Amino acid sequence: MAATDGQQFPPPKVLTYPASAPPLLVTQGAEGRLYKTTHLAPNRPCALKYRPPKPYRHPILDARLTKARISSEAKVLERCWREGVPVPAVYAMDPAAGWMMMEWIEGIPARVGINKLLGDRREEEEEEDAEAPLPETCETLLADLMRRIGAAIGALHKTGVVHGDLTTSNMMLRPRRRGYGNGSGADGDGDDAEVLKGDVVLIDFGLATQSMSDEDRAVDLYVLERAFASTHPRAERLFATVLEAYKETFKKASSVLVKLEDVRMRGRKRSMLG
Ligand SMILES: Nc1ncnc2c1ncn2[C@@H]1O[C@H](COP(=O)(O)OP(=O)(O)O)[C@@H](O)[C@H]1O
Ligand SMILES: [Mg+2]
């Protein structure tokens, strides 16, 4: 109650840091931009997702849409994070201003990791049949990654969230800090195999919704299945492992996988029609 309370209880550290290194523009998509910043603390990199105003939209409608999307993305991330789904933590947001600040996830997108592994192999054996089986070490590494992807999606669906845009670009492989202990040290991009052993972290919840429906969940899986086949044709066969791990992680998976058959059928019909 004393007026000196302010001194007895210093502000949290975060309020004592000046904004440090200038922000780095990481990506610029059609809808938004992503910056890396240390605005919160010098040793805490953050990802700031910003949706700038769209000049081609009516300003009032645009402001309303932007606000709704930022707050919905943050809300879904928050829910996932609370329930232990591997996603970045939300640190701060200003939906009306079109931004959200979240945990920076170290590492690289799964797409890059997988293509590096498969790409390197292609160079070694350029003349060989593209359908040739992958070497066993490669196959084991990829299968193990597929299991972790399936488990992450299972955990996501368990919380009642569907992602809406599952691709290997929207999954990061975060290097594991503990447990390697082989003294090799550096976190860097030294070893493609090591990169693939990273923890799967789901990102980009801009299209995510809350849903418990088998249909929505099946479509989520189907989107990834299609994306996977076109991004990683050489590893397409391994997608079955994603579904296996999904089934082991998520109790209600069986009915989703039955639905997935329907969704695939519809997809085939649609592509036959043109
Ligand atoms: N929390 C994060 N930590 C590190 N990198 C991120 C993070 N969020 C996004 N990125 C990087 O920025 C890219 C674009 O972000 P994303 O959320 O996927 O937006 P978009 O809607 O433009 O696809 C991602 O593919 C990833 O490389
Ligand atoms: Mg994305």
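Everything quoted here is computed from the prediction, not taken from an experiment. In listed order, ligands and their atoms are each counted from 1.
- The residues lining ligand 1, counting any heavy atom closer than 4.0 Å, are T27, L34, A47, K49, P88, M102, E103, W104, I105, S169, N170, I203, D204.
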What side-chain donor-acceptor pairs closer than 3.5 Å can you find for residues 23-37, not counting sequence neighbours?
unit_1 : atom_1 : unit_2 : atom_2 : d
E31    : OE1    : R51    : NH1    : 3.1
E31    : OE1    : R69    : NH1    : 3.3
T37    : OG1    : H39    : N      : 2.8

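- Taking 4.0 Å as the cut-off between side-chain N and carboxylate O, D199 and R174 do not count as a salt-bridged pair.
- Judged purely by distance below 3.5 Å, without hydrogens or angles, the side chains of N170 and H163 never pair a donor atom with an acceptor atom.
- Between F239 and F228, the ring planes lie tilted relative to each other; the angle falls in the 30° to 60° range.
- By the side chain to side chain donor-acceptor pair (under 3.5 Å) test, S71 is found to be paired with no residue, residues two or more places apart in sequence or in another chain being considered.
- When atom types are taken as modelled, the side chain of D220 and the backbone of G164 share a donor-acceptor pair closer than 3.5 angstrom.
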side-chain contact (heavy atoms from CB on, under 4.5 Å) between I70 and W99: does it pass, once the steps are laid out? CA-CA 7 Å; I70 292 282; W99 63 259; 5.5 Å; no
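- Within the protein, the N, O or S atoms sitting under 2.8 Å from the Mg ion (ligand 2) are N170 OD1, D204 OD2.
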Checking salt bridge (charged side-chain N to carboxylate O under 4.0 Å, His left out) for the pair R237/E139: CA distance, chi angles, key distance, verdict? CA-CA 10 Å; R237 202 172 27 82; E139 178 107 12; 3.4 Å; yes
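- We find that E83 and K158 are not joined by a salt bridge, their nearest charged nitrogen and carboxylate oxygen being 4.0 Å or further apart.
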